[in-house]
Amino acid sequence: MPRRVAVIGGGSSGLACIQCCLQGGLIAVVGSNQENPEPDRASIYHSVIINTSKEMMCFSDFPIPAHFPNYMHNTLIMDYFRMYADHFKLRKHIRFNTKVLRVNQRADFSRSGQWDVETENQEGKKNKHIFDAVLVCIGHHCHPNLPLQDFPGLDTFQGKYFHSRDYKTPEEWRNKKVVVVGIGNSGGDIAVELSRFTKELYLSTRRGAWVLNRVGDNGVPLDLGINRVTGLLRDLLPFGVVCNLGESQLNRRFNHTLYSLKPNHRLFSQHPTVNDELPNRILSGTVQVKPNIRRFEGSMVEFDDGSVVEDVDLVVFATGYRFSFPFLAPHVITVSDNKASLYKYVFPPELERHTLAIIGLVQPLGAIMPISEMQARWATRVFKGCIKLPPAADMLDDIKYKQETMADRYVSSQRHTIQVDYMNYMDEIATPVGVRPKILRVLLTDPRLGLSLLFGPITPYQYRLRGPGKWTGARQAILTQWDRVALPMQTRPCDQAKAKCSLKWLLVVLSTMGVAVYVNRSNLGALLQNPDTLLDRVKMCLTTLGH
């Protein structure tokens, strides 16, 4: 009989989990609250536009429609999720208006691996269910982090204050004085939007930030400029060199010191802020950057540099979120200071049976949707017994290594406890699933596709070319991805000279392959049988040169 899997959460990660369960022959039952936000549910303001381009954020077997803009408004993202759910007939598996109260191991868990799940519907009726496995997909933007104790005198403040989660529209703050605390993506967006209406807008930041823009070179979405070659170079070059190159590029757009934004930390030591408009608002004086708030007194706000702003009407705390799993027993998952001990951010390592997985609990330098989908593909194959996890001791060592690596690279902050790099993490999870693209093999058998994999954007379709869940449309989706990027912007005919075809990258690849084949000519037959061996040797040589 197919195994029954409880999926907790019906957002983007939950939808991916249903699809992966169905593809793997598992029965998914999803508990999901309604779309209107409640306390402890994720919420957004009306104007939100995604920071990841559509080709990088889509599910790997369902491209976003070509006519959709590259950076989508939140309503279009919802339209896409509904299209995905309808295309794969996922809605019938979702139990809307259902709250999960408790998830407990059954008495015979060491043998069965089963879970008791208690739910409550909209009428308050409680039910108990037995599931063979559980996928938790509640996200990490639910519980607002509001560190009021860090702001002396806030209890005397005569204006209004709230967390950025509760911000919706700017109109009511016309001709008011507003302070926004925090320069993450939400803080930057809210400050820019409010500054079009307010009398004065102050953006308070403790550390400053490196600010990226959505629009990359030649007007192409910034995240499409990252490919496997640049990713490899980033891994091989010293960290300081990579940061110098990136910071120099950002300062050519605008000097972060001149704009009072330059932080003490390096570019890749903090999750960057993505905001195209912030420099323009600072340049026009409608946003004024300030250091951290020292204290409140009545309607007055004093900053750490001694400057004072009187008659402040509103303070918006864009101070991030905390995550927790209140329906799980502490011995299953313990969260402390936004840290949870999970193998590759998915599996509790010390469970007797690995039938519970956390999906989407990462903060990527890239899109979350493809990562959640890959995690779900991995987890469902573990549930089915197709993949065996390492011993608990090895998983704990991996967790410790990742925590130490993160501490060395990132500034100490609760937003950096679940940070991952998109390409490296996707490849890491895809390897045990058996869907990591074989770049060298594809170069030898399908050069056009291979060059797209190597020098093109690392779109999710790359992980549907082979292995479990292979999608026959993946190759075509990769070869036409630039057409879908261009289409929504081609709204007016323009004369354009035909671009000259450049053979530079093809010559580089062929030369590199030729040298590698010559060096290994004595065992060429074995290498052609297993081209990955040759690729590993090339990487070893590059690593040696890098050191």
Side-chain angles (χ1 to χ4, degrees), residues 47-57 69-72 180 182-196 201-227 229-231 233-234 237-291 318 363-367 409-411 415 419 421-423 455 457-458 482 485-486 488-489:
S47 61
V48 168
I49 293 176
I50 198 73
N51 282 334
T52 305
S53 67
K54 66 177 182 180
E55 289 298 303
M56 293 300 298
M57 65 162 283
N70 285 282
Y71 291 107
M72 298 186 293
V180 176
I183 198 171
N185 288 325
S186 294
D189 284 349
I190 292 171
V192 164
E193 181 170 82
L194 279 170
S195 69
R196 299 191 185 97
L201 190 292
Y202 300 89
L203 179 57
S204 170
T205 170
R206 285 182 299 171
R207 296 191 182 94
W210 295 103
V211 180
L212 280 63
N213 54 319
R214 295 183 180 95
V215 184
D217 293 342
N218 299 311
V220 172
L222 181 68
D223 53 4
L224 297 181
I226 307 298
N227 57 48
V229 173
T230 58
L233 290 174
R234 186 195 62 194
L237 291 173
F239 180 75
V241 172
V242 175
C243 289
N244 285 339
L245 292 171
E247 291 164 11
S248 176
Q249 179 75 13
L250 295 182
N251 279 324
R252 277 198 292 272
R253 180 185 173 223
F254 73 91
N255 187 308
H256 282 59
T257 301
L258 180 64
Y259 281 62
S260 299
L261 289 172
K262 183 180 182 296
N264 292 326
H265 58 263
R266 305 308 305 270
L267 171 59
F268 294 106
S269 293
Q270 185 183 41
H271 194 83
T273 297
V274 180
N275 197 303
D276 290 76
E277 299 181 71
L278 182 58
N280 295 330
R281 306 310 293 180
I282 296 173
L283 196 62
S284 65
T286 52
V287 170
Q288 300 182 52
V289 180
K290 288 288 186 179
Q363 180 73 45
L365 291 173
R409 172 175 168 179
Y410 289 101
V411 297
R415 70 187 297 209
Q419 197 78 26
D421 291 324
Y422 173 83
M423 183 189 77
F455 297 108
I458 313 167
W482 288 110
V485 171
M489 297 185 287

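Keep in mind that this is a model prediction, so the values were computed, not measured.
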Quick check: does any side chain N or O of Asn275 sit under 3.5 Å from a backbone N or O of Glu277, one acting as donor and the other as acceptor? yes
For the residue pair His256 and Trp210, what are the closest heavy atoms and their distance? CD2-CE3, 3.7 Å
Is it true that a side-chain atom of Ser284 and a backbone atom of Asn280 form a donor plus acceptor pair closer than 3.5 Å? yes
Non-hydrogen atoms of Tyr422 and Ala367 that approach each other most closely: CD1-O, 3.9 Å
Name the orientation class of the two ring planes belonging to Phe268 and Phe239 (parallel below 30°, tilted from 30 to 60°, perpendicular beyond 60°). perpendicular
Would you indicate whether the side-chain heavy atoms of Leu224 and Glu55 approach each other to under 4.5 Å? yes
Given 3.5 Å as the limit, does a donor-acceptor pair link the side chain of Tyr71 with the main chain of Arg214, or not? yes
For Leu267 and Glu247 the tightest heavy-atom approach is N-OE2, 2.9 Å
Report the C-alpha distance between Ile226 and Met423 in whole Å, list the side-chain angles of each, state the deciding distance to 0.1 Å, and finish with yes or no for side-chain contact (heavy atoms from CB on, under 4.5 Å). CA-CA 9 Å; Ile226 307 298; Met423 183 189 77; over 6 Å; no
Closest heavy-atom contact between Met56 and Pro457? SD-CB, 4.2 Å
Side-chain contact, heavy-atom cut-off 4.5 Å: Leu261 with Ile183? yes
Side chains of Arg207 and Asn264 only: does a donor on one sit below 3.5 Å from an acceptor on the other? no
Heavy atoms only: give me the nearest Ser186-Ala318 pair and the separation to one decimal. C-CB, 4.4 Å
Check whether any side-chain heavy atom of Tyr259 lies under 4.5 Å from a side-chain heavy atom of Leu283, and answer yes or no. yes
Nearest 0.5 Å, please: how far is CG in Asn227 from CZ in Phe455? 7.5 Å
Are Arg266 and Asn244 close enough that a side-chain donor and a side-chain acceptor fall under 3.5 Å? yes
State which residue, out of Asp189, Thr286, Leu201, fulfils the side-chain contact (heavy atoms from CB on, under 4.5 Å) condition with Leu194. Leu201
State, yes or no, whether a side-chain contact exists between Pro279 and Arg253 at a heavy-atom distance under 4.5 Å. yes
Heavy atoms only: give me the nearest Gly187-Leu203 pair and the separation to one decimal. O-CD1, 4.2 Å
Any side-chain donor near an acceptor of the partner, Arg252 and Ser248, under 3.5 Å: yes
Side chain to side chain donor-acceptor pair (under 3.5 Å) partner of Gln419, the single match among Arg409, Gln363, His271: His271
In sequence, state the C-alpha distance, the side-chain angles, and the governing distance for Asp223 and Lys54, and then conclude on salt bridge (charged side-chain N to carboxylate O under 4.0 Å, His left out). CA-CA 10 Å; Asp223 53 4; Lys54 66 177 182 180; over 6 Å; no
Under 3.5 Å donor-acceptor, Thr205 side chain and Gly182 backbone: no
Separation between CG (Leu222) and OG (Ser53), nearest 0.5 Å, reads 9.0 Å
Flag side-chain contact, heavy atom, 4.5 Å: Val211 against Leu250: no
Side chain proximity check, Lys262 to Asn251, heavy atoms < 4.5 angstrom: no
Set out, in order, the CA-CA distance, both residues' side-chain angles and the distance that settles side-chain contact (heavy atoms from CB on, under 4.5 Å) for Val287 and Tyr202, then state yes or no. CA-CA 6 Å; Val287 170; Tyr202 300 89; over 6 Å; no
Between CE on residue Met57 and CG on residue Asn51, distance to nearest 0.5 Å: 11.0 Å
Using a 3.5 Å distance criterion without hydrogens, assess whether the side chain of Asn213 forms a donor-acceptor pair with backbone atoms of Asp276. no
Under the side-chain contact (heavy atoms from CB on, under 4.5 Å) criterion, do Leu212 and Thr273 qualify, and how do the steps go? CA-CA 6 Å; Leu212 280 63; Thr273 297; over 6 Å; no
Separation of Ser195 OG from Ile190 CD1 (nearest 0.5 Å): 12.0 Å
